[in-house]
Structures are given as C-alpha cells and as structure tokens.
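First up is the structure itself, then whatever we jot down about it.
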2 protein chains.
Amino acid sequence: MQIKSSIKDIAKRANVSVSTVSRVLNNSKYVSEDLKRRVLSVVEETGFKPNMVARGLVNKKTSLIGVLIPRISNNFFSKLIEGIEEVLQTYGYNILLSTSYNEIEKELEYLNIFEDRQLDGIIFSVTEFTDQHKNFFGETVVPTVFLGQKVETLKKYPYVTIDNIKAAYEATRYLIKQKHKRIAIMAGPEKDCATGDNRLQGYLEALKEAGLPLYTSWQTRRYHTIDDGYYAASQIMSQSEKPTAIFACSDQQALGAINYLREHGYRVPEDISVMGFDDVDLATVFRPKLTTVKQNPVDMGATAARLLIDQIHGNSLTALENLVPYRLVVRESTKSL
Amino acid sequence: MQIKSSIKDIAKRANVSVSTVSRVLNNSKYVSEDLKRRVLSVVEETGFKPNMVARGLVNKKTSLIGVLIPRISNNFFSKLIEGIEEVLQTYGYNILLSTSYNEIEKELEYLNIFEDRQLDGIIFSVTEFTDQHKNFFGETVVPTVFLGQKVETLKKYPYVTIDNIKAAYEATRYLIKQKHKRIAIMAGPEKDCATGDNRLQGYLEALKEAGLPLYTSWQTRRYHTIDDGYYAASQIMSQSEKPTAIFACSDQQALGAINYLREHGYRVPEDISVMGFDDVDLATVFRPKLTTVKQNPVDMGATAARLLIDQIHGNSLTALENLVPYRLVVRESTKSL
DNA sequence: AACTTTCAAGAAAACGTTTTCCTGTGAATT
DNA sequence: AATTCACAGGAAAACGTTTTCTTGAAAGTT
C-alpha cells in the first residue's frame with residue numbers, strides 16, 4: 001500500500017503475466033475466470049490503482065478538458081463551469097481550469113499549455129479573437145468549442161452563445177417603449193470584441209430606428225465588474241446632458257452603476273432606469289430587483305460540453321452556430337417615464 | 001506541423017540521437033553549441049512541442065494540482081480559486097477543478113481520481129471529515145492542504161482557515177453590545193462540520209456568557225445559498241417568539257434572509273438586524289450594506305497554495321494550523337436597539 | 001609519453017501501461 | 001485421424017520522454 005506498486009508487481013504476486021493483469025483490469029476477453037479471480041484478489045489486497053499517466057501515454061488520451069475563461073469570480077462564468085462540469089463528469093472527463101483575466105497573452109499561453117498537455121478538448125470563452133488565436137487554432141487539431149461569442153474566422157469549431165445583437169436591440173427597444181429618449185450604454189471592453197461590439201450594435205440599431213440621439217459620451221467600454229460599472233456611471237453622469245436610462249451590458253456593471261447613482265443622490269428607477277444583462281443570482285435579491293436580460297449560463301456550459309463530447313467522439317458537427325435562448329425579465333430597476 | 005512529431009523525428013531530421021535532442025530541450029550539459037543550434041533550428045521549423053504526458057511518466061510529476069471545493073458559483077470559493085491559481089501559476093502548476101456539492105461520495109470519488117491521475121498535490125475544502133476521508137489521507141501520500149476548516153484528525157497535512165469560533169463569538173458579542181437579547185443564528189449545514197459547528201459554538205459561548213436565552217428553534221443549519229437563507233429565515237420567523245437580530249453564517253444566507261424579511265414586512269435593520277459572514281463582493285453593493293465578518297478568500301487560497309508548494313518542494317512544514325485574519329465590518333444591516 | 005580527467009554524444013534502459021504477436025492448448029469440424 | 005479453430009496467456013513491442021551507461025576523443029596532469 002505504502003509503496004507505489006505497478007502492474008508488474010501485481011503480475012508477480014498473482015503469478016501471471018503483465019498482459020493478463022492488464023486484460024483483467026480492462027475487462028478484455030481471453031482471460032479465464034480462474035486467473036481473473038486470482039488477479040482481482042491481489043489487486044484488492046494491495047489496493048492497486050493503475051497509473052493514468054502511463055495509460056494516457058499509450059491510449060493517447062488524457063480525459064482532461066481545458067476550460068479557459070476570463071475570470072472565475074464572475075458569477076456568469078462560474079455557472080458556466082457548473083454546466084460544463086456536470087456533463088463532462090458523466091463522460092469521465094475532468095476540467096483543467098485556467099483564467100485569462102482578459103489578457104490575450106495569457107490566453108495564448110494557456111492554449112499552448114493545453115496543447116502540450118495533450119488535453120482531449122478545449123472550451124474557450126474568448127476575449128478577443130486575434131490573428132494569433134487564428135494561428136493557434138489553424139495549426140492545432142484539438143476539439144474545441146467557443147463559448148459566449150461568435151467566432152466566425154474559423155469554420156471548423158462550433159460556438160455557443162446568445163444572439164447578442166438581438167438581445168441588446170430588444171432590451172433597448174424596451175427602454176424606448178418606456179418612453180426613454182436619452183439612453184446610455186455601458187458596454188463590455190473593446191477587447192472583448194464580439195460580445196461588447198454586438199451588444200453595442202444592437203443598442204445603436206434600436207436608437208437609430210427610433211430616431212433617438214446617440215452620443216458617444218454616453219457609451220462606455222469597460223470590464224464586467226462592479227467597480228468598472230461604478231466608474232462608468234461616474235463618467236456618464238459627469239456629462240452635462242444626462243440620460244434617463246442606462247443599459248448596462250452586465251448585471252455587475254448595473255450594480256456598480258446603481259451604487260454610484262444612489263451615492264450621488266439619484267433614485268433608481270425614479271430618476272434613472274437601469275437595465276442589466278445576465279440575471280446573476282443576486283439580481284433578484286438586490287433592491288431594486290434588476291430588470292435584465294436573462295441568460296442561462298449553466299445550460300450554455302452544458303451545451304458547450306456536449307458539443308465538445310460530440311467532436312471527441314468523432315460525430316460530424318450539426319451546426320457551427322448554437323444559439324441558446326435568452327429572455328428579457330422586467331423587474332424593478334426600470335420604469336416608464 | 002500537421003502530423004504529431006516526436007523527439008525521434010526531430011533527432012532524425014537533425015541527424016543526432018534522441019538523447020541529444022532531449023538534452024537540448026532540457027538545457028542539459030554535454031551538448032556542443034553546434035548540435036544545439038542544429039537541433040533548435042529543426043525544432044523551430046517543425047514547431048515541435050514535447051509531450052508532457054510522456055515527460056510526466058518518467059519524471060513522476062504531472063504539474064497538476066487537484067482543487068476540490070463544494071461549489072464554484074459561490075463567490076467565496078471562486079475567490080479562493082483566484083488566490084490559488086495566482087500562486088500555482090507562477091510555479092508552473094495547473095488546476096484540476098472539481099466540485100462536490102457537499103456530497104461526501106463525490107468528494108471521495110474525486111480524491112480517488114486525483115490519486116489515479118498522479119496529481120502532484122491536493123487543495124481540499126472539506127465538507128465533512130469522515131472516517132473514509134481519514135482512510136484516504138492515511139493511505140495516500142499526496143501533498144495536501146486543507147482549506148476552510150480545522151482538520152485535526154490528521155497530523156501530517158496543514159490547514160488554513162480563520163478562527164471560526166472566535167470570529168462567531170465576536171460577531172455575536174457585537175450584537176449583544178448593541179443591546180440585542182434575542183439573537184438567532186443561521187449556521188452552515190451539520191455536514192459541513194467544523195465550520196458550521198465552530199461558528200455555532202462561538203455564538204453559543206457569547207450568549208451563555210451574557211446569560212441570554214438560547215432556543216434551538218432559533219438555530220438553523222442550512223447550506224450557504226441565498227435560497228437556504230430565505231428558507232431559514234422563514235423558519236425562524238414562524239416561531240411565536242421572534243428574534244431582534246439574526247447572525248447568518250454566510251452573506252449568502254444573510255441576503256436570502258433579508259429578502260424574506262422584507263417581503264414579509266420587516267425592515268432591516270430597523271425591525272431586525274442581520275449580520276453576515278464572508279464579505280462577498282455584493283455585501284457593499286447591496287442595500288442595506290451588510291454588516292459582516294470579512295474574510296479574505298484570495299489570500300486564503302494563496303496561502304494554501306504556498307503551503308502546498310512548500311510540501312512539494314519537500315520543505316518541512318512550519319505549522320499545522322494556519323490562521324488567517326478576519327475582521328468585523330460594521331455597515332448598515334445591523335443597528336443598536 | 002603515459003595516465004587521468006572532462007566533455008560530447010550515441011545506445012539502451014526505464015517509466016507503467018496497452019496491444020500486437022506468438023505459441024500452445026483442447027474442442028469442433030471434416 | 002487429420003485439420004481447422006477459438007480461446008488462454010505469455011513475450012515483446014509500442015507510446016514519447018528522460019537518464020544512465022558506454023565509448024571515444026580531447027585536454028590536462030605528472
């Protein structure tokens with residue numbers, strides 16, 4: 001028990017060959033009940049456990065999936081992980097978790113580590129899809145699923161996301177229907193291209209369509225953290241012309257914004273409406289309850305994992321684009337003028 | 001590029017032996033500048049990357065650390081991970097993430113997987129330390145650090161936590177100083193032994209010392225989720241005699257409780273004070289801002305990771321118990337009677 | 001000039017498995 | 001009775017590395 005025993009030791013103790021032990025362990029054919037019992041009893045009494053690394057070497061599979069996300073302390077991403085883990089686990093895969101903090105060099109570093117480690121697959125929540133990324137995924141042959149945004153540059157791997165343009169468009173439309181004419185947006189960072197850009201685009205489309213003014217000073221591009229939301233709100237509200245509604249592209253930012261607004265004498269939603277995005281756990285606990293675009297990150301993660309398993313199993317992929325549903329949830333942080 | 005090349009191919013192309021290639025790759029001595037250049041250029045042009053699995057097999061190290069926590073979507077644990085990853089990364093280790101959802105069988109299952117996979121170390125946020133756990137850690141020899149609670153049954157591995165008894169004692173003391181005489185507690189589940197029990201113990205000590213009544217109907221034991229907090233509050237408030245203060249052993253539960261209270265016509269803190277534990281991100285965003293016992297999970301994670309690295313490097317451990325600081329942060333959810 | 005020592009580099013063993021290739025049974029078919 | 005055949009099980013190759021062993025040459029010592 002103490003000392004690490006190998007299949008050879010088991011073979012010796014059971015008086016059989018290594019091949020036989022291996023066959024017993026893998027339930028292969030061509031081994032008699034007699035020897036099987038003998039081997040099994042030795043395995044039992046020594047508490048022998050096969051070395052997965054050695055196994056991995058010959059089988060050319062590690063049963064490890066690399067999951068790369070911007071940050072884990074963001075509720076959206078941790079829920080994503082929950083969904084991913086749930087399905088991967090049932091297929092006997094484990095997760096190698098890495099976080100990029102939105103830094104592209106880190107992303108590339110981790111992707112290379114994933115490759116070095118011979119991981120069986122990658123689930124990647126992209127920050128910005130650069131040429132370097134394209135290179136990596138062009139040369140490499142690891143099954144991959146992109147998560148959270150469209151990755152059009154590569155035709156070989158699927159992605160799962162919501163229709164961000166449409167969702168943002170609808171959210172903005174809702175504010176417009178509520179008679180808001182001066183609507184600001186707190187979008188994701190420019191780096192985080194697709195998502196940030198798409199939601200901004202949806203917002204702009206809605207405004208344009210309604211013939212409303214679009215001031216760039218009412219558009220911020222910051223990270224999805226409470227602090228950044230706070231800061232973005234301070235920027236927007238420092239303009240001489242102030243909006244009556246803010247569309248925050250994440251609940252985190254919405255929360256930070258509301259925090260700022262209240263500390264500076266604005267009431268939400270009486271003075272200013274705030275719309276969020278994501279519907280994180282606290283959106284309903286917070287007061288006012290957050291009006292927001294609900295995503296289902298657990299489902300998204302699970303979907304991504306399933307798509308990955310499909311690839312690993314060699315099934316031909318059904319669709320590159322996998323859009324999952326979202327839903328506008330009206331609660332208390334927005335109000336008709 | 002396309003086809004996976006091995007060190008052998010490189011050797012052939014560079015007209016040297018495998019050993020030489022390996023030596024070049026590992027920067028070992030005894031290889032001339034001439035051959036070195038030749039090998040390096042072949043490596044360059046083929047984009048060769050050594051197979052970490054094969055390396056792991058001979059080096060008997062995987063550079064992988066198993067991290068086992070109850071759930072990742074809890075902000076406390078995800079911050080823990082942030083701290084862990086930060087230091088592990090600088091030492092070239094990656095994280096294999098697993099979540100137990102407080103299920104003991106799952107914990108044991110994952111621990112066994114960790115062992116099978118030859119992980120170099122384990123960071124384990126225990127739910128309940130059972131005999132089976134004891135067995136596992138008795139027989140196994142993997143460097144380990146326990147996180148979040150005292151694990152006294154094993155003298156060989158360190159743990160990092162805060163002094164939960166004292167922290168809960170002080171939190172309760174604070175409420176008592178605020179003239180509260182009827183104080184309820186929402187503790188962690190019974191399963192989650194040390195933490196839940198310890199905080200309950202600190203609470204009881206403070207009450208006893210002050211000669212205050214302790215009703216078991218004012219003590220709940222539930223998971224640290226918003227929903228469980230909501231439910232626990234409903235239980236406590238359904239008693240005929242109602243408390244004037246609730247000490248929730250997690251911010252999550254505190255939030256759920258406040259939610260319940262407000263929905264049922266109680267004002268916080270005017271009618272009932274609510275004290276939290278953890279100081280998660282939203283504790284300051286939420287209104288009323290949460291009075292809470294601040295922990296620093298990022299630091300805790302980093303500390304645990306460092307202790308693990310120490311073990312792996314074979315340094316003798318300095319102390320079994322590693323207590324990290326905590327701090328009572330008074331904000332708006334509590335009020336003097 | 002003879003003898004160590006140091007360095008360079010290839011051959012081969014090792015890491016712990018799985019799998020292919022053999023060989024030897026005994027049973028089934030002719 | 002001769003021939004095939006399915007099965008059991010051992011020996012050995014393979015997976016892709018690192019490391020030990022060896023040999024040979026060049027340099028340093030007496």
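So you know, we letter chains A, B, ... as the sequences are listed, proteins then strands, and number each from 1.
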For this session: Output yes when a side-chain donor or acceptor of Arg23(B) lies under 3.5 Å from a complementary backbone atom of Ser28(B), and no otherwise.
Result: no
For this session: Using atom types as modelled and distance alone, determine if a side-chain donor or acceptor of Asn94(A) lies under 3.5 Å from a backbone N or O of Leu64(A).
Result: no
Exercise. So how far is it from Ser100(B) OG to Glu128(B) CD, rounded to the nearest 0.5 Å?
Worked result: 11.5 Å
Exercise. So, Phe129(A) versus Phe146(A), ring centres under 6.0 angstrom or not?
Worked result: yes
Exercise. If you draw a 6.0 Å radius around CZ in Arg13(A), do more than 12 non-hydrogen atoms from other residues or ligands fall strictly inside?
Worked result: no
For this session: For the helix from dA1(C)-dT30(D) to dT30(C)-dA1(D), measure the angle between the helix axis at one end and the axis at the other, each built from five pairs, rounding to 10°.
Result: 50°
For this session: Could I get the full list of side chain to side chain contact (heavy atoms under 4.5 Å, CB included) partners for Val87(B), not counting sequence neighbours?
Result: Tyr91(B), Ala302(B), Ala305(B), Arg306(B)
Exercise. Does a donor on one side chain sit under 3.5 Å from an acceptor on the other, for Lys79(A) and Asn296(A)?
Worked result: no
Seminar exercise, completed: Under a 4.0 Å heavy-atom criterion, the protein footprint on nucleotides 9-18 of chain D, written with B, S and -, is BBBB--BBBB
